[in-house]
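Everything numeric here is computed off the predicted structure, so don't read it as measured data. Both counts, for ligands and for their atoms, begin at 1 and track the order of listing.
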Amino acid sequence: MPRLKALLFDVDGTLADTEEIHRHAFNAAFAAAGLDWHWDRPLYHQLLEVTGGRERIRHYLDRYLPGFERPADLEGFIAGLHRDKTGHYLEMLARGRVPLRPGVERLMQDARARGLRLAIVTTTTPANVTSLLTHSFTVDASGWFDLIAAGDVVAHKKPAPDIYHYALQQTGLAPAECLAFEDSVNGLRSALSAGVDTLITLNRFTADHDFSGASVVLDQLGEPGNPCRLIAGDLDPDGLVDMAYLQRLHAYCRERRNHMQQN
Ligand code: XBP
Ligand code: MG
């Protein structure tokens with residue numbers, strides 16, 4: 001049975017509840033460009049169906065504003081809006097100290113202390129990741145990761161498996177040696193398509209997603225005094241996801257896969 005060697009973390013919605021900040025940053029960029037577009041929460045919930053900021057703006061135009069007179073250089077127009085959005089987002093992160101979700105830093109410290117490798121696997125812009133790692137952890141965490149796989153390094157964003165394939169190839173890890181941490185159905189599909197078993201922590205934008213195939217679904221990772229809750233799955237972490245629990249979960253998932261292959 002392969003050993004658990006690495007934890008692969010999504011960023012938005014998994015490390016921190018950043019989607020609200022992304023939403024405000026998109027709206028700030030639209031206003032600065034003189035556009036009367038406004039993405040409220042229910043609309044953003046629907047738009048999250050598409051990963052990637054530029055892809056999301058294009059999808060908005062296609063689906064919600066078919067009558068919008070498109071500039072000749074639509075790609076350039078979208079890229080400009082998105083560049084501005086990233087600027088607003090980075091400012092907000094630097095200003096506001098966006099808190100990490102419960103248990104994230106604790107679990108990473110635990111994993112590092114036990115010699116596990118960590119990597120980031122996300123569709124968001126690389127600068128967004130670096131900023132979160134420097135501003136939201138109690139120490140600068142950017143050196144903790146073997147790899148930060150982010151943004152446009154692959155052709156197809158989640159739910160395509162490309163970013164997980166890329167991360168596995170760059171780190172030399174086998175899917176069976178890893179566990180992924182995701183918050184959305186797009187992230188789950190991406191990881192599972194690359195053969196990586198996945199733990200889900202829900203948030204307000206993803207609580208209604210279909211997480212079938214996930215190894216376990218929890219409300220959060222849990223902290224002492226702030227226990228996590230099992231939403232779906234066979235193994236209950238009893239309040240706290242730690243390395244002992246992840247070792248059990250990993251062994252359970254590998255056995256389940258072996259069993260399925262034999263039958
Ligand atoms: C995150 C995203 C990102 C952000 C916006 O998905 O979909 O697009 O919402 O980031 P995941 P950019 O958590 O699955 O990686 O604007 O930088 O693309
Ligand atoms: Mg996510």
Side-chain angles (χ1 to χ4, degrees), residues 7-30 33 37 39 41 43-60 75 78-93 98 100-101 104 119-133 136 145 147-167 180-194 196 198-209 211 214 217-221:
L7 308 183
L8 313 182
F9 287 91
D10 170 51
V11 174
D12 294 306
T14 299
L15 299 191
D17 280 321
T18 47
E19 284 302 356
E20 257 311 90
I21 307 165
H22 282 293
R23 186 174 76 81
H24 287 298
F26 280 113
N27 285 331
F30 300 154
W37 308 350
W39 291 357
R41 244 183 239 159
L43 173 60
Y44 196 65
H45 189 161
Q46 291 171 33
L47 293 172
L48 280 174
E49 188 187 319
V50 174
T51 60
R54 283 191 308 279
E55 292 83 349
R56 191 167 297 143
I57 296 171
R58 174 180 280 279
H59 169 72
Y60 173 66
E75 281 306 318
I78 292 176
L81 278 177
H82 187 254
R83 237 186 337 269
D84 195 36
K85 175 259 167 180
T86 299
H88 288 289
Y89 180 81
L90 293 175
E91 250 174 54
M92 291 181 200
L93 279 195
V98 175
L100 294 176
R101 295 194 64 188
V104 167
I120 295 285
V121 185
T122 176
T123 66
T124 205
T125 302
N128 299 350
V129 182
T130 321
S131 179
L132 192 78
L133 297 181
S136 293
F145 301 90
L147 174 76
I148 296 179
D152 294 325
V153 288
V154 291
H156 303 289
K157 294 187 173 166
K158 298 173 187 178
D162 301 27
I163 194 77
Y164 275 94
H165 284 151
Y166 173 83
F181 294 75
E182 288 279 356
D183 68 302
S184 71
V185 68
N186 282 326
L188 174 66
R189 294 285 148 244
S190 176
L192 285 183
S193 306
V196 182
T198 306
L199 181 156
I200 297 289
T201 47
L202 301 177
N203 61 55
R204 81 162 92 151
F205 285 114
T206 65
D208 60 343
H209 288 189
F211 288 117
V217 182
L218 305 170
D219 63 340
Q220 46 140 327
L221 296 174

> Do R101 and D183 pass the salt bridge (charged side-chain N to carboxylate O under 4.0 Å, His left out) test, and can you show the C-alpha distance, the side-chain angles, and the key distance before you say yes or no?
Replying inline: CA-CA 11 Å; R101 295 194 64 188; D183 68 302; over 6 Å; no

>> Within the 3.5 Å criterion, strictly below it, is a donor on Y44 or R56 matched to an acceptor on the partner's side chain?
In response: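 The answer is yes; a qualifying pair exists.
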
Checking the side chain of [X] only, and the main-chain atoms of [Y] only, is there a donor and an acceptor separated by less than 3.5 Å?
X    : Y    : answer
S184 : G187 : yes
S136 : L100 : no
D219 : T201 : no

Identity and separation of the nearest protein heavy atom to [atom]:
atom                    : result
atom 8 (O) of ligand 1  : G52 N, 2.8 Å
atom 18 (O) of ligand 1 : G53 N, 2.7 Å
atom 10 (O) of ligand 1 : T124 OG1, 2.9 Å
atom 9 (O) of ligand 1  : R56 NH1, 2.7 Å
atom 6 (O) of ligand 1  : T123 OG1, 3.1 Å

I'd like to know whether ligand 1 has [X] as a neighbour, heavy-atom separation below 4.0 Å.
X    : result
G187 : no
F9   : no
H82  : yes
V11  : no
K85  : yes

> Given T122, D10, L47, N186, which one has a non-hydrogen atom that is nearest to atom 11 (P) of ligand 1?
Replying inline: D10

>> Side chains of T206 and V185, heavy atoms from C-beta outward: is any pair under 4.5 Å?
In response: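 They are not in side-chain contact.
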
> Are the ring centres of W39 and Y60 closer than 6.0 Å?
Replying inline: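 Yes, they do, as the ring centres are separated by less than 6.0 Å.
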
As a test of reading the structure, name the N/O/S atom of [X] that is nearest the Mg ion (ligand 2).
X    : answer
D12  : O
D183 : OD1
D10  : OD2

>> So that I can tick it off, tell me whether R58 and E75 are bridged by a salt bridge, with the cut-off set at under 4.0 angstrom between side-chain N and carboxylate O.
In response: yes

> Under a 4.0 Å N-O cut-off, is there an ion pair linking K157 with D162?
Replying inline: no

>> If we check side chain to side chain donor-acceptor pair (under 3.5 Å) with T14, which of these qualifies: T18, D10, D12?
In response: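 Result: among T18, D10, D12, D10 is the only option passing the side chain to side chain donor-acceptor pair (under 3.5 Å) with T14.
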
> What's the shortest heavy-atom distance between L93 and N128, and which atoms?
Replying inline: CD1-O, 3.8 Å

> Closest heavy-atom contact between I148 and V129?
Replying inline: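 Heavy-atom minimum between the residues: CG2-CG1, 3.9 Å.
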
> Looking only at heavy atoms, is any part of T14 under 4.0 Å from ligand 1, and if so is it the side chain, the backbone, or both, or is it neither?
Replying inline: neither

> Heavy atom under 4.0 Å from ligand 1: found in E19's side chain, backbone, both, or neither?
Replying inline: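 It is the side chain that gets close, since no backbone atom is under 4.0 Å.
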
Distance filter under 4.0 Å to [X] heavy atoms, resulting ligand 1 atoms:
X    : answer
N128 : 17 (O)
Y44  : 9 (O)
K158 : 14 (O), 15 (O)

Please report whether ligand 1 has a polar contact with [X], defined as an N or O pair separated by less than 3.5 Å (distance criterion only).
X    : answer
L48  : no
T125 : yes
T86  : no
F26  : no

> Checking side-chain contact (heavy atoms from CB on, under 4.5 Å) against E182, which of V121, L8, I200, L199 comes through?
Replying inline: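 Only match with E182 under side-chain contact (heavy atoms from CB on, under 4.5 Å): I200.
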
> Can you tell me if an N/O/S atom from E182 lies under 2.8 Å from the Mg ion (ligand 2)?
Replying inline: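 No, outside the cut-off.
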
> Can you list the steps and then say if R204 with D17 is a salt bridge (charged side-chain N to carboxylate O under 4.0 Å, His left out)?
Replying inline: CA-CA 9 Å; R204 81 162 92 151; D17 280 321; over 6 Å; no

